[in-house]
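Lettering follows sequence order; numbering is per chain, from 1.
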Number of protein chains: 2
Amino acid sequence: MSATKEVVVRLTKYKNVLEKLRSLGFVKVFSDNLADAVGVSPALVRKDFSVFGLTGKKRAGYQVDDLIAQLNRILGVDEVQRVIVVGCGKIGTALMRYRGFARERIRVVAGFDVDPSKIDPNAPIPIRDINEMPYIVKSEKIQVAILAVPETVAAQVAEALIAAGIRGILNFAPILLKSQNNVVVQNINIALELENLFCLLRFAEQGLDRGRP
Amino acid sequence: MSATKEVVVRLTKYKNVLEKLRSLGFVKVFSDNLADAVGVSPALVRKDFSVFGLTGKKRAGYQVDDLIAQLNRILGVDEVQRVIVVGCGKIGTALMRYRGFARERIRVVAGFDVDPSKIDPNAPIPIRDINEMPYIVKSEKIQVAILAVPETVAAQVAEALIAAGIRGILNFAPILLKSQNNVVVQNINIALELENLFCLLRFAEQGLDRGRP
DNA sequence: CGCAATATGTGAAATCCTTCACGAGTGAGC
DNA sequence: GCTCACTCGTGAAGGATTTCACATATTGCG
């Protein structure tokens, strides 16, 4: 049943919430709880689950352990996910050392840059020359890359990544990369998000209609 | 006319594309061009514009200059937008120095942290003690904050921000802050985005239905 | 100057997504 | 063990958003 991107996003959110609940000692959970935590309606939680055959019991809700196991199976994130970071500027290095990744079973295998002064193959997370990227991608069977290079070279580096066999890109460069022919792209444009925030504020303040007078 | 968040996001994207086009010397533009660049259908571009009374000419498309001016008016981003960064760890400092902000007329006024060793009020962008945050927010009339603190204190710091008068938060901490009572929150959960990327890849590979057998 | 090509603007249709509402089990309490 | 309040699962209804399709206007060109 065509699962859209939004559904996958929600499933992942459910899973994260469930893991927090489990660490707090929860054993069962109701659709209301998950709905609150994720910010959707209870009906939608149940609907999402039903699409994937996740079932609970009529008065006992869902078993937390069970649900996590099922979600992991569905989402396919049982093992550690390996990723590379391309572009080791400010954002790139910050991401390489980001602690949040460990908790989610994500491991940064290596960083890449063009600047020779940044290269350090002996660091805990090695930083290599961008020219080595294709070999590492192949030998390590890397599928996903975080792109954090300047705007001017972003498109070109993205193509190099795809050519090297990368199948998913998390793009922090301020250009809109398009998902095409079996390469999935997720764009995170920080400046754009901020701009939107300002706009939404503005709209929230003075009503939503600002068309012709 | 109830403008949803999605419409605002698209308008901002149009504006960004238009500015790139203008810098390339374009004078007029068609809905097709914008649609391609933003990844939507031409009809939607026209519909979005019509909602806000943005009009073009029947065979000449839209005037780039004109359109940008109108969008700026509608989106309310004529002047420089000022923002603070709370939490000057890896991500926080990277954001403080992020170049993409300058281009979008966003200025980071100050950073805040609890760690005394990080404080440096004389830096180009000063880093101050978090306790000074409420005063700076008030005196500088700051409305928007970027939140980049560890998970454990994120909720608490967010409350402090709201109490100090902040009206919009761009949240990089891995908890879901909820937009409530006239505070707009935009969550960017990097680990979650990566997880989603892996899942989408997985789904793209082996079809979308993975429910009961 | 008139025509034909082309792009806009918009009501109507279609599609997609969410919520509603209710039947049906089920666990807890007495 | 019986009852009852409670929660799931789901078809149908409802909304919202996007696309369609075409009348209409404009411009370039012969």
Side-chain angles (χ1 to χ4, degrees), chain A residues 1-14 17-18 21 26-67 70-71 74 196 200 203 208-209 211-212, chain B residues 1-14 17-18 21 26-67 70-71 74 178-179 196 200 203 208-209 211-212:
Chain A
M1 285 311 196
S2 72
T4 64
K5 191 169 154 183
E6 271 88 48
V7 180
V8 174
V9 170
R10 284 201 301 271
L11 288 184
T12 312
K13 285 183 181 173
Y14 300 145
V17 170
L18 284 165
L21 290 177
F26 281 63
V27 171
K28 65 183 184 181
V29 68
F30 302 124
S31 57
D32 298 44
N33 307 140
L34 288 171
D36 281 353
V38 171
V40 300
S41 76
L44 186 53
V45 175
R46 299 200 296 273
K47 194 72 126 185
D48 283 343
F49 284 0
S50 93
V51 168
F52 289 90
L54 300 175
T55 102
K57 286 195 172 173
K58 285 283 158 95
R59 191 162 165 202
Y62 303 86
Q63 293 296 113
V64 174
D65 266 333
D66 201 44
L67 211 44
Q70 301 266 335
L71 282 171
I74 291 166
N196 284 333
L200 290 171
F203 279 111
L208 292 166
D209 53 331
R212 65 197 106 185
Chain B
M1 289 312 186
S2 75
T4 64
K5 191 168 153 182
E6 270 87 49
V7 180
V8 174
V9 170
R10 284 202 300 271
L11 288 184
T12 313
K13 285 183 181 172
Y14 300 145
V17 170
L18 284 164
L21 290 177
F26 280 64
V27 171
K28 66 183 182 181
V29 68
F30 303 123
S31 57
D32 298 44
N33 308 139
L34 288 171
D36 281 352
V38 171
V40 300
S41 76
L44 185 53
V45 174
R46 297 201 297 272
K47 195 71 130 185
D48 283 343
F49 284 0
S50 93
V51 168
F52 289 89
L54 300 175
T55 101
K57 285 195 172 174
K58 286 283 157 98
R59 198 176 156 188
Y62 303 85
Q63 293 296 112
V64 173
D65 266 333
D66 202 43
L67 210 44
Q70 301 267 335
L71 282 171
I74 290 166
K178 302 228 186 76
S179 306
N196 284 332
L200 290 171
F203 278 110
L208 292 166
D209 52 332
R212 66 196 104 188

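Axis deviation across the helix from dC1(C)-dG30(D) to dC30(C)-dG1(D) amounts to 10°, comparing end segments of five pairs, rounded to 10 degrees.
In this view, D66(A) and Q63(A), Q70(A) satisfy the side chain to side chain contact (heavy atoms under 4.5 Å, CB included) rule, not counting sequence neighbours. By the side chain to side chain contact (heavy atoms under 4.5 Å, CB included) test, K57(A) is found to be paired with A60(A), residues two or more places apart in sequence or in another chain being considered. Applying the side chain to side chain contact (heavy atoms under 4.5 Å, CB included) rule to N33(B) yields the partners V29(B), F30(B); only residues at least two apart in sequence or on another chain are considered. Annotation: salt bridge (charged side-chain N to carboxylate O under 4.0 Å, His left out) contacts of R10(B) (sequence neighbours excluded): D48(B). Applying the ring-ring contact (aromatic ring centres under 6.0 Å, His included) criterion to Y62(A), with sequence neighbours excluded, gives F49(A). Listed by chain and number, the residues in a side chain to side chain contact (heavy atoms under 4.5 Å, CB included) with D32(A) are P42(A) (sequence neighbours excluded).
Using a 4.0 Å heavy-atom distance criterion, F49(A) is classed as making no nucleic acid contact.
Contact check of residues 34-42 of chain A against DNA chain D (heavy atom, cut-off under 4.0 Å) returns no residues at all.
In the set dT8(C), dT18(C), dC17(C), dC17(C) carries the atom at the smallest distance from any side-chain atom of T4(A).
Pairs passing the side-chain hydrogen bond (donor to acceptor under 3.5 Å, both in side chains) check and including a residue from residues 36-46 of chain A, sequence neighbours excluded, read S31(A)-R46(A).
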So which protein nitrogen or oxygen atoms get under 3.5 Å of nucleotides 25-30 of chain D's nitrogens or oxygens?
from	atom 1	to	atom 2	distance (Å)
dT27(D)	O2	R59(B)	NH1	2.3

